[in-house]
2 protein chains.
Amino acid sequence: MKLAGAAADRDRWEARDCSIDGALKIVGTRSAMLLMREAHYGTTRFEDFVRRVGITEAVAAARLRELVTAGLLARRAYKNPGERTRHEYVLTEAGGELQLVLMAFIQWGDRHLPRRGGPPLDFRHTGCEEPIAVRLSCAAGHDVEPGAITVRGTWGRPTPATEKATGKAAGKATAEAAADVTADVTAAVAAEGAGKDVSPAG
Amino acid sequence: MKLAGAAADRDRWEARDCSIDGALKIVGTRSAMLLMREAHYGTTRFEDFVRRVGITEAVAAARLRELVTAGLLARRAYKNPGERTRHEYVLTEAGGELQLVLMAFIQWGDRHLPRRGGPPLDFRHTGCEEPIAVRLSCAAGHDVEPGAITVRGTWGRPTPATEKATGKAAGKATAEAAADVTADVTAAVAAEGAGKDVSPAG
DNA sequence: CTGCTGGCCATGGAATCCCATAGCCAGCAG
DNA sequence: CTGCTGGCTATGGGATTCCATGGCCAGCAG
C-alpha cells in the first residue's frame with residue numbers, strides 16, 4: 001500500500017474511526033466471529049449455535065444479543081405446527097456481507113496455517129463447481145496486486161470519490177479541512193458518538 | 001452457502017480445525033489486528049507501532065513477538081549511518097496476504113458502520129485510480145454471488161480438489177476415507193470420538 | 001398437575017487482554 | 001562519564017471474555 005494525499009504522512013492522522021477497529025468492536029471476539037460463521041453455514045437455532053460453536057449458553061446468549069443489536073442478525077419468532085413458538089437468528093444484509101471477511105480468513109488460514117492434510121472444507125461456485133477465491137479488483141476490472149493500492153485520506157481536498165461520499169453529510173468538515181490540512185484528523189475523522197439504526201433485511 | 005457432500009449434515013462434523021478459528025488465534029486480538037494494519041500502512045519501527053496503534057509498549061512488544069513467531073512479521077536488524085543498530089518489523093508473505101482480510105474488514109465497515117461523512121480512507125488501484133473492492137470469484141472467472149457457494153468436506157470421498165490438495169500430504173488419509181467414510185470426521189477434521197453411521201449424503 | 005425441553009439469565013472463578021508506571025540496557029552525543 | 005533515546009521488560013490493577021454450574025420460564029405431553 002502507498003499512502004498518498006492527505007494520508008501521506010502517517011503521523012498526521014489517527015486511525016480512530018478506522019473501519020477495522022469498528023468492525024472488531026462487533027465481531028472482534030472469537031465467539032462472535034464463530035457465531036457468524038455458523039450463521040453462514042445455515043444455523044439459526046440457539047441450541048445449535050451453542051453446540052456447533054462450542055461455547056456456553058451464557059456466552060451464546062450474550063453474543064447473539066449483541067449481534068442482533070448491531071444489526072448482523074435478526075431475531076424472528078417462528079412456530080412449527082404442534083410445537084411451541086421459537087426464535088431463530090437469521091442473517092441480515094449486513095451479516096450476510098460479512099461473508100467476504102469470513103472467506104478471507106478461511107483463504108488465509110488454508111494457505112498459511114500449518115496443518116496436516118490440506119484445508120478441511122472446500123468452497124466451490126454452485127453450478128460451475130470451480131474453486132472460489134477472494135480477490136481484490138478495481139472498478140475498471142483489473143486484478144489488484146497487493147502492492148498496487150494507493151490510500152488517500154478523505155478529509156483533505158476532495159478526491160473524485162469524496163466529492164459524493166462526503167458531499168451529503170460533511171460539507172462543513174470538508175471545507176474546514178480544505179482550508180487547513182494540518183490539525184484536522186481528530187476532528188474530521190475521529191469522533192465518538194454513534195447513531196444506531198439498523199434494519200433487518202433479506 | 002450450501003452445505004453438501006460430507007459436510008451436508010452440520011451435526012456430523014466439528015469445525016475444530018477451522019481456518020477462521022486458527023487465524024483468530026493469531027490475529028484475534030484488537031492489538032494484533034491493528035498492528036498488522038499499521039504494518040500494511042508501512043510502519044516498521046517499534047515506537048511508531050506503539051504511537052500509531054495507540055497501545056502500550058508492553059502490549060506492542062508482546063504482540064509483535066507473537067506475530068513474528070507466527071510468521072506474519074519478520075524482525076530484522078538495520079543500521080543507519082551514525083545511529084545505533086535498530087530492529088524493524090517487516091511483513092512476510094503470510095503477513096502480506098492478510099491484506100485481503102484487512103480490506104474485507106474495511107469494506108464491510110465502510111458500508112455498515114454508522115458514521116457521519118463517509119469512509120475516512122479511500123483505496124484506489126495505483127495507476128488507474130479506480131476504487132478497489134474485495135470480491136469473490138471462481139476459477140472460471142465468474143463473480144460469485146453470496147448464496148452461490150457450495151461447501152464440501154474434504155474428509156469424505158475425494159472431490160476434484162482434494163485429489164491434489166491432499167494427494168501429496170495425506171495420501172493415506174484419502175485412501176482410508178475412500179474405503180470407509182464412517183469414522184472419518186473426527187480423524188481428519190475434528191479430533192474427538194463420535195463414530196456414528198454416516199449416510200453418503202449428497 | 002407434573003415432567004420435559006428449548007431458550008435464556010445469574011453467579012463465581014479463571015484466563016486473557018489491556019493500561020499505567022517504572023524500570024533496564026545499548027550505544028551515540030556531549 | 002553522563003545524558004538521552006529507542007526498544008524493550010516488569011509489576012500491579014482493571015476490564016473483558018470465557019467456562020461451569022445451576023436456576024427460571026414457557027408451553028406441550030402425559
Side-chain angles (χ1 to χ4, degrees), chain A residues 10-11 14 16 18 20-39 43-70 73-90, chain B residues 11 14 16 20-21 23-39 43-70 73-90 192:
Chain A
R10 181 63 189 84
D11 280 320
E14 295 178 36
R16 256 201 243 164
C18 172
I20 298 174
D21 202 3
L24 288 178
K25 280 178 187 125
I26 298 173
V27 288
T29 63
R30 194 184 101 100
S31 52
M33 190 68 84
L34 295 186
L35 283 170
M36 291 307 296
R37 177 198 70 188
E38 285 309 318
T43 300
T44 59
R45 284 179 51 177
F46 183 84
E47 207 200 341
D48 290 337
F49 279 115
V50 170
R51 185 165 24 82
R52 293 172 183 172
V53 173
I55 55 179
T56 61
E57 294 173 345
V59 173
R63 236 25 98 238
L64 287 171
R65 209 183 320 121
E66 291 169 11
L67 290 170
V68 167
T69 302
L73 296 175
R75 187 168 180 270
R76 290 210 295 230
Y78 74 101
K79 187 171 185 327
N80 288 341
E83 288 181 4
R84 54 185 284 197
T85 303
R86 302 188 193 287
H87 291 279
E88 61 179 357
Y89 296 88
V90 295
Chain B
D11 280 321
E14 295 178 35
R16 270 217 221 152
I20 298 174
D21 203 3
L24 288 179
K25 279 176 189 127
I26 298 173
V27 288
T29 63
R30 195 185 100 99
S31 52
M33 190 67 83
L34 296 186
L35 284 169
M36 291 307 296
R37 178 199 68 187
E38 284 310 317
T43 300
T44 59
R45 285 178 50 178
F46 183 84
E47 207 200 342
D48 291 336
F49 278 116
V50 169
R51 185 165 23 84
R52 293 171 183 173
V53 173
I55 55 179
T56 60
E57 295 173 343
V59 172
R63 235 28 96 238
L64 286 171
R65 209 182 319 121
E66 291 169 12
L67 290 170
V68 167
T69 302
L73 297 176
R75 188 168 180 270
R76 289 209 297 229
Y78 74 102
K79 189 170 183 327
N80 289 341
E83 288 182 5
R84 54 184 285 196
T85 303
R86 302 187 191 288
H87 291 279
E88 60 179 358
Y89 297 88
V90 295
E192 199 170 54

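Below, chain A is the first sequence line, B the second, and so on; all start at residue 1.
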**Request:** Could you pull out the closest heavy-atom pair between A:Val53 and A:Leu35, with the gap in Å?
**Result:** CG2-CD2, 3.9 Å

**Minimum-distance nucleotide (side-chain atoms of A:Ala58 versus C:dC8, D:dG7, D:dA20)** = D:dA20

**Message:** Just the rounded figure in Å: distance from C1' of D:dC8 to CG of B:Asp48.
**Reply:** 15 Å

**Request:** Could you tell me whether B:Arg63 contacts a base, only the sugar-phosphate backbone, or nothing, with contacts defined as non-hydrogen atoms closer than 4.0 Å?
**Result:** sugar-phosphate

**Message:** Going by purine N1 to pyrimidine N3 plus the second Watson-Crick contact, or the G-U wobble pair, all under 3.5 Å, which nucleotide sits opposite D:dG30?
**Reply:** C:dC1

**Message:** What's A:Gly28 touching, base or sugar-phosphate or nothing? Going by heavy atoms closer than 4.0 Å.
**Reply:** nothing

**Message:** Tell me which one of A:His87, A:Glu57, A:Arg51, A:Glu88 satisfies side-chain contact (heavy atoms from CB on, under 4.5 Å) with A:Phe46.
**Reply:** A:Glu57

**Prompt:** Taking OP1 and OP2 of D:dT16, is either one under 4.0 Å from a side-chain nitrogen or oxygen of A:Thr29?
**Reply:** no

**Prompt:** Checking side-chain contact (heavy atoms from CB on, under 4.5 Å) against A:Ser31, which of A:Leu34, A:Val27, A:Thr29 comes through?
**Reply:** A:Thr29

**Asked** Rounded to the Å, how far apart are A:Leu35 CG and D:dC18 P?
**Response** 9 Å

**Request:** Please round to the nearest 0.5 Å and tell me the distance separating atom CZ of A:Arg37 and atom CG of B:Asp21.
**Result:** 6.5 Å

**Item:** Between C1' of C:dC28 and CZ of B:Arg86, the distance in whole Å
**Value:** 9 Å

**Request:** Check the distance between C:dA14's C1' and A:Ile55's CD1 and give it to me in whole angstrom.
**Result:** 18 Å

**Item:** Distance test, side-chain N/O of B:Tyr89 to OP1/OP2 of D:dG6, below 4.0 Å
**Value:** no

**Message:** I want to confirm an ordering. Mapping B:Glu57 and B:Glu66 to their closest nucleotides on DNA chain C, which one lands closer to the 5' end?
**Reply:** B:Glu66

**N/O (side chain, B:Arg65) to phosphate O (OP1/OP2, D:dT9) under 4.0 Å** = yes

**Request:** Measure the distance from NE2 on A:His87 to C1' on C:dG7 and round it to the nearest whole Å.
**Result:** 9 Å

**Asked** Between C:dG7, C:dC19, D:dC18, which one does the side chain of B:Thr56 approach most closely?
**Response** C:dC19

**Message:** Check the phosphate of C:dC8 against A:Arg75, side-chain N and O only, distance under 4.0 Å to OP1 or OP2. Yes or no?
**Reply:** yes

**Prompt:** Between A:Leu64, A:Thr44, A:Leu67, which is the residue that forms a side-chain contact (heavy atoms from CB on, under 4.5 Å) with A:Tyr89?
**Reply:** A:Leu64

**Request:** Take the protein atom CG of B:Leu64 and the nucleotide atom C1' of D:dC8, then report the distance between them rounded to whole Å.
**Result:** 11 Å

**Prompt:** Nearest to the side chain of A:Arg30 - D:dG7, C:dC18, D:dC18?
**Reply:** D:dC18

**Request:** Grab the CG-C1' distance between A:Asp21 and C:dC18 for me, whole Å please.
**Result:** 14 Å

**Request:** Mind calculating the distance between CZ (A:Arg76) and C1' (C:dG7) to the nearest angstrom?
**Result:** 18 Å

